[in-house]
Amino acid sequence: MLTTAPRGTRDILSPEVEKWQYLEDKIRQHCHRYAYSEIRTPIFEHTELFQRSVGETTDIVQKEMYTFQDRGDRLLTLRPEATASTVRAYLENRLYAQPQPVKLYYIGPMFRYDRPQAGRYRQFYQFGIEVIGSQDPSVDAEVILLAVHLFADLGLRDLEVHLNSIGCPQCRSAYRQELRAYLKGHLGKLCPDCRARYEQNPLRVLDCKKEHCRQVAGQAPELSSYLCQECREHFAAVQEYLESLDVKYQLNPNLVRGLDYYTKTVFEIVSRELGAQAAICGGGRYDGLVEECGGQPTPGIGFALGIERLLLALDKGGIELPGREPLDVFLAALGSKVQAPALKLLYQMRQHKLRADKDYLGRSLKAQMKYADKKEARYVVILGEEELERRMVLIREMATGKQEEVPLEQAVEIILEKMGGVADGK
RNA sequence: GUGAAUGUAGCUCAGCUGGUAGAGCACCAGAUUGUGGCUCUGGGGGUCGCGGGUUCGAGUCCCGUCAUUCACCCCA
């Protein structure tokens, strides 16, 4: 146990972590362009916050939260999602007093106690955005567009945008009554889970994958025909905007989402290649959430995108993200007498933004060359006692094997020249 | 929480009906006493996931447990 990470967690290290960094950079670029600013909220919150916002009847709250008591007897929970935290921060920091809407994004770990499987972890990472303070349907379109734009930029094809509107509390409750009345006559055909849903949250029956339940759901009254005028107009406008942006989507009347705070627009972006964990991105509007958390009635919308799943989809799509970076220079320093000048030379190279490294084990030149080769060093600078006495070094270009002797003092300059003027300094 | 499969060196795996572990790659060193990528030679490494049981003897059989994978539930 001492040497095993807890179930559903894992370490992300070198060739993979560079892909994460690349992805995070891309995400930040997009958010920057769309004029979102980052928010970093705590990784745990008062348990109450999630119970109230995500909803008492949801699976997240009922069985997936990491909840604990701290030494001051506070009941806390590792965040299972970040919308609740963002809304809390919006209220706590009085962001409603700033120009509206407030556009925020986050990238970070979330925690859900669930059986791990491909694309599902107990600690997983989400990138998400939230727009709080506007109910305009163009925001809905922009939020979806940002995700679609990001995916396109990464080269992902064959993703499907599923779209639906689940209405506002008013029209939804009217629909819920109708649906319940309909389902009542078919209870015998439903699976045990759906019979429970019938009581707690009948809309979720629409989303069941069991064949019998789907048949029942297929004949059920449609939510879209119960939408109030405002919700209907809003939804129509969202679709119109998406079409004008050339965003392909499919209407999915059975898409209801598992969190209680959603209203009106809900959507998912799925990859058919990901098996059971097909949803890469999911989100929707939550016009009642800010008020539910104690603020003034304030509309909001956002999505969350699973980083692990996005990486999986990229992998399945044959899209290779940049991995480990090669070394610009490896410095082979031979003998204890040259270590001090070698360290100094290394420092100079790094000051000029060269990615440079040396041997730290007192190995033979041969071993150091081998190491340099493994690290894909572009140049090897060889500094031995003999060279040091004459204030010279050897510069070897690894790709060609060509090598020349140059004055120690000019070595950095000459390497920079060979590399085309400047190191990229990443 | 439910069902199923898997778990042997850093990695990928072999190990027949039980007789106390092996390959390839990787790593280190040497062949070239100061020069990489190819080749050759040698070397270090394994609580056979963990715990218990059966047995003269278990990697191999049984039970439990942990982990991974897949599906369900649900979601990112």
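Order of the sequence lines sets the chain letters (A, B, ...), proteins ahead of strands, with each chain counted from 1.
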Please list residues of [range] whose heavy atoms come under 4.0 Å from any atom in RNA chain B, ordered by number; otherwise none.
{"range": "residues 301-314 of chain A", "answer": "A:Ala304, A:Gly306, A:Arg309"}
{"range": "residues 52-63 of chain A", "answer": "A:Asp59, A:Lys63"}
{"range": "residues 105-119 of chain A", "answer": "A:Arg112, A:Asp114, A:Arg115, A:Gln117, A:Ala118, A:Gly119"}
{"range": "residues 247-256 of chain A", "answer": "none"}

Charged N to carboxylate O below 4.0 Å: is that the case for [X] and [Y]?
{"X": "A:Asp114", "Y": "A:Arg120", "value": "yes"}
{"X": "A:Arg88", "Y": "A:Glu45", "value": "yes"}
{"X": "A:Asp373", "Y": "A:Lys375", "value": "no"}
{"X": "A:Arg10", "Y": "A:Glu308", "value": "no"}
{"X": "A:Glu81", "Y": "A:Arg112", "value": "no"}
{"X": "A:Arg350", "Y": "A:Asp357", "value": "yes"}

[N] versus [M] - spacing of their [atom1] atoms, nearest Å:
{"N": "B:C62", "M": "B:C70", "atom1": "C1'", "answer": "26 Å"}
{"N": "B:A14", "M": "B:A76", "atom1": "P", "answer": "38 Å"}
{"N": "B:C48", "M": "B:C40", "atom1": "C1'", "answer": "32 Å"}
{"N": "B:G45", "M": "B:G37", "atom1": "P", "answer": "25 Å"}
{"N": "B:U55", "M": "B:G18", "atom1": "P", "answer": "16 Å"}
{"N": "B:A5", "M": "B:G53", "atom1": "P", "answer": "26 Å"}
{"N": "B:C13", "M": "B:G7", "atom1": "P", "answer": "10 Å"}
{"N": "B:G22", "M": "B:G46", "atom1": "C1'", "answer": "11 Å"}

Give one of base, sugar-phosphate or nothing for [X], where a contact means two heavy atoms less than 4.0 Å apart.
{"X": "A:Arg204", "answer": "sugar-phosphate"}
{"X": "A:Gly335", "answer": "nothing"}
{"X": "A:Glu386", "answer": "base"}
{"X": "A:Ala332", "answer": "nothing"}
{"X": "A:Arg257", "answer": "sugar-phosphate"}

- Item | Watson-Crick or G-U wobble partner of B:A9, both distances under 3.5 Å | none
- Note on the structure: Taking a pair to mean Watson-Crick or G-U wobble geometry with both distances below 3.5 Å, B:G59 pairs with none
- Item | Partners passing side chain to side chain contact (heavy atoms under 4.5 Å, CB included) against A:Pro326 (at least two apart in sequence or in another chain) | A:Glu376
Length of the line joining [X]:[atom1] and [N]:[atom2], which is rounded to integer Å:
{"X": "A:Ile269", "N": "B:A76", "atom1": "CD1", "atom2": "P", "value": "12 Å"}
{"X": "A:Leu274", "N": "B:C75", "atom1": "CG", "atom2": "C1'", "value": "13 Å"}
{"X": "A:Glu64", "N": "B:C72", "atom1": "CD", "atom2": "C1'", "value": "14 Å"}
{"X": "A:Met65", "N": "B:G1", "atom1": "CE", "atom2": "P", "value": "17 Å"}
{"X": "A:Arg7", "N": "B:U65", "atom1": "CZ", "atom2": "P", "value": "12 Å"}
{"X": "A:Leu361", "N": "B:C27", "atom1": "CG", "atom2": "C1'", "value": "13 Å"}
{"X": "A:Arg10", "N": "B:U68", "atom1": "CZ", "atom2": "C1'", "value": "13 Å"}
{"X": "A:Arg363", "N": "B:A29", "atom1": "CZ", "atom2": "C1'", "value": "12 Å"}

- Query: How do A:Pro6 and A:Gln126 order along RNA chain B: which one's closest nucleotide is nearer the 5' end?
  - Reply: A:Pro6
Listed pairs, N/O of protein and of nucleotides 35-42 of chain B, under 3.5 Å:
| from | atom 1 | to | atom 2 | distance (Å) |
| --- | --- | --- | --- | --- |
| B:U35 | O2 | A:Arg396 | NH1 | 3.3 |
| B:U35 | O2 | A:Gln403 | OE1 | 3.4 |
| B:U35 | N3 | A:Gln403 | OE1 | 3.1 |
| B:U35 | N3 | A:Gln403 | NE2 | 2.8 |
| B:U35 | O4 | A:Gln403 | NE2 | 2.6 |
| B:G36 | OP1 | A:Lys366 | NZ | 3.2 |
| B:G36 | O2' | A:Asp373 | OD2 | 3.2 |
| B:G36 | N7 | A:Arg396 | NH2 | 2.8 |
| B:G36 | O6 | A:Arg396 | NH2 | 3.0 |
| B:G36 | O6 | A:Met398 | O | 3.2 |
| B:G36 | N1 | A:Met398 | O | 2.3 |
| B:G36 | N2 | A:Asp373 | OD1 | 3.1 |
| B:G36 | N2 | A:Met398 | O | 3.2 |
| B:G36 | N3 | A:Asp373 | OD1 | 3.3 |
| B:G37 | O4' | A:Asp373 | OD2 | 3.3 |

- List in chain and number order the residues that pass ring pair (Phe, Tyr, Trp, His ring centres under 6.0 Å) with A:Tyr113, two or more places apart in sequence or in another chain; answer none if no residue qualifies. A:Tyr66
- Message: Using 30° and 60° as the class boundaries, would you call the ring planes of A:Tyr34 and A:Tyr36 parallel, tilted or perpendicular?
- Response: tilted
- Query: Nearest to the side chain of A:Ser364, which nucleotide is it out of B:C72, B:G30, B:G34?
  - Reply: B:G30
- Return each pair, listed once, that meets ring pair (Phe, Tyr, Trp, His ring centres under 6.0 Å) where at least one residue sits in residues 356-377 of chain A; pairs must be two or more places apart or across chains. A:Phe330-A:Tyr371
- Message: I need the full list of ring pair (Phe, Tyr, Trp, His ring centres under 6.0 Å) pairs touching residues 396-415 of chain A, with sequence neighbours left out, sorted by first then second residue.
- Response: none
- Verify side-chain contact (heavy atoms from CB on, under 4.5 Å) between A:Asn252 and A:Glu268, making sure each step is shown before the conclusion. CA-CA 10 Å; A:Asn252 180 353; A:Glu268 271 181 14; over 6 Å; no
Using the 3.5 Å cut-off, write out each protein N or O paired with an N or O of nucleotides 43-51 of chain B and the distance between them.
none

- Item | Neighbour count above 12 (heavy atom, 6.0 Å) for A:Asp158 CG | no
- The side-chain hydrogen bond (donor to acceptor under 3.5 Å, both in side chains) partners of A:Arg28 (sequence neighbours excluded) come to A:Glu38, A:Tyr105
- Does the ring of A:Tyr125 lie flat against the base of B:A76, closer than 5.5 Å centre to centre with planes under 30°? no
- Query: Given A:Leu223 and A:Ile166, is the side-chain contact (heavy atoms from CB on, under 4.5 Å) satisfied, shown in steps?
  - Reply: CA-CA 7 Å; A:Leu223 177 54; A:Ile166 57 172; 3.9 Å; yes
- Note on the structure: In short, side chain to side chain donor-acceptor pair (under 3.5 Å) pairs touching residues 388-413 of chain A with sequence neighbours left out are A:Arg390-A:Glu405, A:Arg391-A:Glu409, A:Arg396-A:Gln403, A:Glu397-A:Thr400, A:Glu404-A:Lys418
